[in-house]
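One structure is given below, encoded as structure tokens.
In what follows, every heavy atom counts, from backbone to side chain, and hydrogens, waters and symmetry copies are set aside. Whatever order the structure lists ligands and atoms in, that order sets their numbers, starting from 1. Predicted model, so just to flag it, every value in this text is computed and none were measured.
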Amino acid sequence: VDQCKLTGNWTNDLGSNMTIGNLSSKGEFTGTYHTAVTSTTQQIKLSPLTGIQHNNTQPIFGFTVNWTFTDSSAVFTGQCFVDKDGKEVLKTMWLLRSDAKSIKDDWNATSVGTNVFTRL
Ligand SMILES: CC(=O)N1C(=O)N[C@@H]2[C@H](CCCCC(=O)O)SC[C@@H]21
């Protein structure tokens, strides 16, 4: 079976879910991301994502989420692994860029985190 093709539904340890569509011949994909958490007071809404993955086993990928309910973006990069039980795991790190009111606040506008996704 085509393990670590990212098409399908994933969930992470925060309880956020993402759905990834079919891959192009170049490994490009689009999808939607439903975050379980936000640093804003906005109502959480489904947000679009777009990314690309390599075509080897245990592929490396990256994708960007443009949050529709706040002026921020997150870029995720990581690798898909198949664990000893044959389960696919996405080990990722992300940079979240929030909206800085002015350039003097730019220093404090990017946060970083790690995250693990498994198939829903
Ligand atoms: C995967 C993971 O760790 N995260 C997740 O699932 N949601 C949070 C952030 C959601 C930001 C929402 C918009 C905002 O508050 O600016 S992006 C990385 C983090």
Quick check: does Ser98 get an N/O under 3.5 Å from an N/O on ligand 1? no

Is the side chain of [X] donor-acceptor paired with the backbone N or O of [Y] at a distance under 3.5 Å, no angle test?
X     : Y     : result
Gln3  : Gln58 : no
Thr68 : Leu46 : yes
Glu28 : Ile52 : no
Thr77 : Phe61 : yes

Nearest to [atom], what protein heavy atom do you find, and at what distance?
atom                    : result
atom 16 (O) of ligand 1 : Ser72 OG, 2.8 Å
atom 4 (N) of ligand 1  : Leu14 CD1, 3.4 Å
atom 7 (N) of ligand 1  : Thr35 OG1, 2.8 Å
atom 13 (C) of ligand 1 : Thr70 CG2, 3.5 Å

Which heavy atom in Lys87 sits nearest to a heavy atom in Thr118, and how many Å separate them? NZ-CG2, 3.5 Å

Can a salt bridge be assigned to the pair Asp106 and Arg97 using a cut-off of 4.0 Å between side-chain N and carboxylate O? yes

Ligand 1 versus Val37, non-hydrogen atoms closer than 4.0 Å: side chain, backbone, both, neither? both

Note: Thr38, heavy atoms under 4.0 Å from ligand 1, region reported as both

I need the atoms of ligand 1 closer than 4.0 Å to a non-hydrogen atom of [X], numbered in the order shown.
X      : answer
Asn12  : 1 (C), 2 (C), 6 (O)
Ser16  : 5 (C), 6 (O)
Asn115 : 1 (C), 2 (C), 3 (O)

For atom 6 (O) of ligand 1, which candidate among Phe76, Trp67, Tyr33, Phe69 provides the closest heavy atom? Tyr33

Side chains of Thr11 and Asn17 only: does a donor on one sit below 3.5 Å from an acceptor on the other? yes

Begin from the C-alpha positions of Trp94 and Ser111 and carry the test side-chain contact (heavy atoms from CB on, under 4.5 Å) through to its verdict. CA-CA 8 Å; Trp94 48 266; Ser111 43; 4.0 Å; yes

